[in-house]
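This report concerns only the one structure given below.
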Amino acid sequence: MNEEQRSKLVNALLEEASTCYDRGDLDDCLSLTIQSTRIRFHEEIKRIKEGDKKLLDEFVAMQHSKNQDSNLVARYLISALMEDDEFLKMYKPTFHTIDEEEN
């Protein structure tokens, strides 16, 4: 998939996420937004999964940014990573999921 196709797919997913949000389907909205983030930032996710801890640290720090756009992008990217079995296997000592009962 070339960059133009990837961009069109990301935009289509975000439009559908917006439609889901408008009708109150927040689970689908979140899922579509995370999927669009995976596609848009596939190179960055690949580098992180290959061990680029500096890039991972940048996204972790961006979660606390005053810039709302940067903050949201970082949170969606981290969410995408937290759903990736390969990433979780690699960083298991550092990251873990919390069962619903513990919340």
Side-chain angles (χ1 to χ4, degrees):
M1 185 180 299
N2 66 37
E3 192 61 37
E4 182 180 344
Q5 292 168 323
R6 199 174 282 115
S7 178
K8 287 180 181 180
L9 180 55
V10 166
N11 289 335
L13 289 168
L14 290 174
E15 285 178 27
E16 185 60 28
S18 177
T19 300
C20 290
Y21 181 83
D22 290 343
R23 70 173 179 247
D25 191 350
L26 301 182
D27 289 338
D28 282 348
C29 175
L30 178 60
S31 178
L32 290 165
T33 304
I34 290 172
Q35 184 61 30
S36 70
T37 303
R38 278 190 194 105
I39 294 167
R40 167 60 183 88
F41 292 97
H42 72 282
E43 288 295 325
E44 289 82 355
I45 290 171
K46 180 180 173 186
R47 285 178 40 205
I48 289 169
K49 287 171 35 177
E50 290 174 348
D52 190 339
K53 291 182 181 181
K54 182 177 179 182
L55 182 59
L56 176 60
D57 289 343
E58 288 176 26
F59 280 105
V60 169
M62 281 174 56
Q63 291 183 95
H64 306 288
S65 173
K66 300 277 187 215
N67 180 317
Q68 187 176 13
D69 291 336
S70 294
N71 179 298
L72 287 174
V73 166
R75 288 177 186 235
Y76 286 126
L77 187 129
I78 297 297
S79 293
L81 288 170
M82 294 305 294
E83 294 177 356
D84 187 293
D85 290 336
E86 185 180 339
F87 174 81
L88 290 174
K89 185 176 178 182
M90 183 176 189
Y91 287 95
K92 188 174 182 180
T94 306
F95 296 104
H96 64 280
T97 56
I98 299 173
D99 292 333
E100 290 295 322
E101 295 174 4
E102 292 181 32
N103 289 334

Task: Cluster overlap M90 with F41, hydrophobic side-chain contacts below 4.5 Å - done: yes

Could you list the donor-acceptor pairs under 3.5 angstrom formed by side chains in residues 68-77, with sequence neighbours left out?
unit_1	atom_1	unit_2	atom_2	d
N71	OD1	R75	NE	2.9
N71	ND2	Q63	O	2.6
R75	NE	Q63	O	3.4
R75	NH2	Q63	O	3.2

Open item on the list: Are I45 and F87 connected into the same hydrophobic cluster when the rule is that any two of I, L, V, M, F, W, Y join if their side-chain heavy atoms are below 4.5 Å apart?
Closed with: yes

Task: With K54 via side-chain contact (heavy atoms from CB on, under 4.5 Å) - residues at least two apart - done: D52, E58

- [ ] Report yes or no: do L13 and L26 belong to one cluster of Ile/Leu/Val/Met/Phe/Trp/Tyr joined by side chain heavy-atom distances under 4.5 Å?
- [x] no

- [ ] Write out all pairs satisfying side-chain hydrogen bond (donor to acceptor under 3.5 Å, both in side chains) with one or both partners inside residues 17-37, taking only residues at least two apart or from two chains.
- [x] Q35-R38

Task: By salt bridge (charged side-chain N to carboxylate O under 4.0 Å, His left out) - contacts of D57 (at least two apart) - done: none

- [ ] Give the minimum heavy-atom separation between L9 and M1, together with the two atoms involved.
- [x] CD2-CE, 3.9 Å

TODO: Kindly compute the distance separating CD1 (I48) from CD (E86), expressed to the nearest 0.5 Å.
DONE: 12.0 Å

Open item on the list: For the CD1 atom of I34 and the CG atom of D84, what is their distance to the nearest 0.5 Å?
Closed with: 12.0 Å

Task: Test side-chain contact (heavy atoms from CB on, under 4.5 Å) applied to E50 - qualifying residues, sequence neighbours left out - done: K46

- [ ] Examine L30 and L81 and state if one hydrophobic cluster contains both, with Ile, Leu, Val, Met, Phe, Trp and Tyr joined whenever side-chain heavy atoms are less than 4.5 Å apart.
- [x] no

Task: Nearest non-hydrogen partners of L55 and E44, listed with the distance - done: CD2-O, 3.6 Å

Open item on the list: Show every side-chain hydrogen bond (donor to acceptor under 3.5 Å, both in side chains) that has at least one partner inside residues 2-15, sequence neighbours left out.
Closed with: E3-R6, E4-K8, R6-H42

TODO: Check the pair L56 / I78 against side chain to side chain contact (heavy atoms under 4.5 Å, CB included), numbers first and verdict last.
DONE: CA-CA 9 Å; L56 176 60; I78 297 297; 4.0 Å; yes

